[in-house]
Amino acid sequence: MKNEALVFTLKNRQGSYVKITNYGGIVMSLAVPNRNGELSDVVLGYDTPEEYMEGNPCYFGAICGRFANRIRGGRFLIDGREHSVDKNENGNTLHGGSRGFDKRFFDAEQCGCKLYLRLVSEDGDMGFEGRLEVTVCYEFTDDNELKISYEAVCDKDTVVSLTNHSYFNLAGHDSGKSVEDHILSIAADGFIPIDGASIPLGSVRPVDGTPFDFRKPTAVGLRLNEHSEQLQNGSGYDHCFAFGDTSKAVATLYEPLSGRKLEVFTDMPAIQLYSGNYIGNKKGKGGAPYKNRSGLALETEFYPNSPNVPSFPSPVLRAGETYRHWTSYRFSCE
């Protein structure tokens with residue numbers, strides 16, 4: 001199976017399904033019903049694994065690692081010792097470097113409604129120390145819930161933050177509709193401001209009185225054109241939201257015309273909202289045209305650049321310990 005691109009389908013009793021390839025652990029399709037029972041694929045992407053292999057600069061559907069999001073200057077300290085990792089975006093490290101997990105072949109094993117993906121990232125891979133063994137489990141339930149569980153162990157101290165980078169459009173990936181009309185809520189009192197290179201400034205800022213207050217359901221595009229240095233820095237939303245209570249949904253996305261609703265649950269400390277600001281003009285599945293804001297990502301993760309900010313939750317994985325996190329995307333209709 002090594003270096004062979006395969007596609008696996010997880011289908012439930014309702015007829016909803018998820019298609020995943022072992023290349024990059026990519027969610028290629030996710031079809032769920034609208035309020036009339038009609039299925040639509042609600043994630044952006046391409047038709048074949050080979051198209052992702054030719055280039056997936058937007059990280060459509062991919063597993064991002066070893067470290068999701070950004071690390072300033074590709075450098076960080078563990079116990080006072082400097083680590084230097086691959087820099088692939090304006091002198092910084094994005095989603096694990098130029099050959100992150102999104103560009104790797106995973107060993108795959110399907111067991112009913114579950115798909116197990118396994119990968120070994122060798123010592124020195126993209127500059128990260130230690131031999132890291134990773135397992136990602138996708139499970140798709142009869143209740144239209146996509147559960148993603150992550151585990152990793154390493155033989156040296158390292159940093160790890162894994163996420164899935166699916167772009168959602170609940171009207172359908174080929175609807176031609178922008179996600180600006182989607183209604184979003186995020187159960188976070190704070191967000192992490194960024195500089196012009198999308199690197200966190202090192203603090204958590206209250207959302208109160210800002211365009212980043214999604215504590216009440218709000219249209220994604222309602223405040224996108226407000227004068228805000230932070231919106232300018234991200235060319236829209238490309239920001240991490242910090243929350244403390246993970247016993248309930250940390251984010252909810254709703255599309256009024258279809259009635260589809262997505263609830264995100266996780267035990268991670270933060271979620272990155274990316275409003276698809278740099279999708280550009282791309283041809284997606286079935287020739288569907290994708291443009292900026294054709295989809296948005298809700299990436300559960302550690303805070304970006306957290307290896308360099310002691311006050312942020314620590315992403316350090318000690319040798320011999322086990323990294324375990326999970327995220328659930330629950331789909332329903334109203």
Side-chain angles (χ1 to χ4, degrees), residues 26-35 38-46 56-62 144 146 163-188 191 198 207 210-226 228 230-232 234-241 249-264 271-301 327 329-334:
I26 292 168
V27 175
M28 297 175 59
S29 300
L30 203 170
V32 291
N34 63 11
R35 63 166 62 95
E38 300 163 336
L39 287 182
S40 289
D41 182 357
V42 297
V43 295
L44 274 57
Y46 303 119
N56 185 19
C58 294
Y59 298 89
F60 289 144
N144 290 336
L146 179 62
T163 196
N164 176 272
H165 207 298
S166 288
Y167 289 70
F168 300 100
N169 186 320
L170 299 184
H173 83 97
D174 56 355
S175 65
K177 296 182 181 298
S178 165
V179 293
E180 292 184 20
D181 292 331
H182 282 47
I183 308 301
L184 175 66
S185 59
I186 300 177
F191 79 102
S198 295
V207 299
T210 76
F212 299 86
D213 189 351
F214 286 96
R215 290 173 296 181
K216 295 181 179 179
T218 305
V220 172
L222 180 65
R223 297 170 298 203
L224 271 173
N225 295 319
E226 286 189 11
S228 163
Q230 282 301 305
L231 289 175
Q232 292 173 355
S235 295
Y237 295 110
D238 191 8
H239 294 75
C240 195
F241 291 75
V250 297
T252 301
L253 188 66
Y254 176 68
E255 201 283 308
L257 294 179
S258 68
R260 292 188 182 94
K261 182 171 75 171
L262 166 61
E263 296 173 283
V264 184
I271 194 166
Q272 182 87 3
L273 167 63
Y274 175 51
S275 53
N277 313 317
Y278 298 107
I279 293 174
N281 294 306
K282 291 182 172 55
K283 184 182 292 186
K285 288 172 282 190
Y290 296 159
K291 300 179 293 184
N292 291 346
R293 314 270 163 75
S294 286
L296 63 79
L298 294 165
E299 311 154 51
T300 58
E301 58 188 26
T327 294
Y329 296 99
R330 300 182 189 178
F331 296 88
S332 59
C333 286
E334 291 184 351

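Owing to the predicted nature of the structure, the values given are computational and were not obtained by experimental measurement.
A pairwise comparison of heavy atoms in Tyr278 and Ser235 identifies OH-OG, 2.7 Å as the closest pair. Taking all atoms of both residues into account, the shortest heavy-atom contact from Pro289 to Ser294 is O-OG, 4.5 Å. The shortest non-hydrogen separation linking Ala188 to Phe241 is CB-CB, 3.8 Å. Listed here is the closest heavy atom pair of Pro33 and Leu39: N-CD2, 3.5 Å. Looking at every heavy atom in both residues, His182 comes nearest to Ala171 through NE2-N, 4.0 Å. For the residue pair Ile183 and Pro217, the shortest heavy atom distance occurs at CG2-CB, 3.5 Å.
Side-chain contact between Glu180 and Leu224 is present, with heavy atoms from C-beta onward closer than 4.5 Å. Side-chain contact check for Phe168 versus Val43: some heavy-atom pair is nearer than 4.5 Å. You'll find the side chain of Leu184 stays beyond 4.5 Å of the side chain of Thr252, heavy atoms only. Using a 4.5 Å heavy-atom threshold, the side chains of Leu231 and Phe212 count as touching. Inter-residue side-chain proximity for Val207 and Ile186 is flagged as unmet; no heavy-atom pair is nearer than 4.5 Å.
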* Tyr167 and His173: CA distance, side-chain angles, deciding distance, side chain to side chain donor-acceptor pair (under 3.5 Å) verdict -> CA-CA 9 Å; Tyr167 289 70; His173 83 97; over 6 Å; no
* Asked: After noting the C-alpha distance and the side-chain angles of Leu30 and Phe331, does the key distance pass the side-chain contact (heavy atoms from CB on, under 4.5 Å) rule?
  -> CA-CA 10 Å; Leu30 203 170; Phe331 296 88; 3.8 Å; yes
* Does the pair Arg260 and Val32 meet the rule for a side-chain contact (heavy atoms from CB on, under 4.5 Å), with working shown? -> CA-CA 8 Å; Arg260 292 188 182 94; Val32 291; 4.0 Å; yes
* Using the side-chain contact (heavy atoms from CB on, under 4.5 Å) rule, take Leu253 and Leu296 through it: C-alpha gap first, then chi angles, then the decisive distance, then the call. => CA-CA 10 Å; Leu253 188 66; Leu296 63 79; 4.0 Å; yes
* Please assess Leu262 against Arg330 for the test side-chain contact (heavy atoms from CB on, under 4.5 Å), listing each intermediate value before the final yes or no. => CA-CA 6 Å; Leu262 166 61; Arg330 300 182 189 178; 5.7 Å; no
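A distance of 10.5 Å separates CG of Leu298 from CD of Glu301, quoted to the nearest 0.5 Å. The distance from the NE2 atom of His239 to the OG atom of Ser198 is 7.5 Å, given to the nearest 0.5 Å. One distance of note links SG of Cys333 with NZ of Lys261; it measures 10.0 Å at 0.5 Å rounding. The line from OH of Tyr290 to SG of Cys58 is 10.5 Å long, rounded to the nearest 0.5 Å. The CG atom of Asp41 lies 4.0 Å from the OG atom of Ser29; values are rounded to the nearest 0.5 Å. Rounding to the nearest 0.5 Å places OH of Tyr254 at 12.5 Å from CG of Asp181.
Within 6.0 Å of the NZ atom in Lys282, the count of heavy atoms belonging to other residues, nucleotides or ligands exceeds 12.
The backbone N or O of Met28 sits less than 3.5 Å from a side-chain atom of Lys285, completing a donor-acceptor pair. In this structure a side-chain-to-backbone donor-acceptor pair under 3.5 Å is present from Asn292 to Gly280. Although no hydrogens or angles enter the test, the distance criterion places a donor-acceptor pair under 3.5 Å between the side chain of Gln272 and the main chain of Cys240. With Asn164 contributing its side chain and Gly61 its backbone, the two residues share a donor-acceptor pair below 3.5 Å. For Asn169 (side chain) and Gly295 (main-chain N/O), no donor-acceptor pair under 3.5 Å exists by modelled atom type.
Neither side chain, Arg223 nor Ser228, offers a donor N or O lying under 3.5 Å from an acceptor on the other. Asn277 and Arg293 share a side-chain donor-acceptor pair at under 3.5 Å.
Between Phe191 and Tyr237, the ring center distance fails the sub-6.0 Å criterion.
Under the side chain to side chain contact (heavy atoms under 4.5 Å, CB included) test applied with Thr327, the options Thr163, Ile271, Val264 reduce to a single match, Val264.
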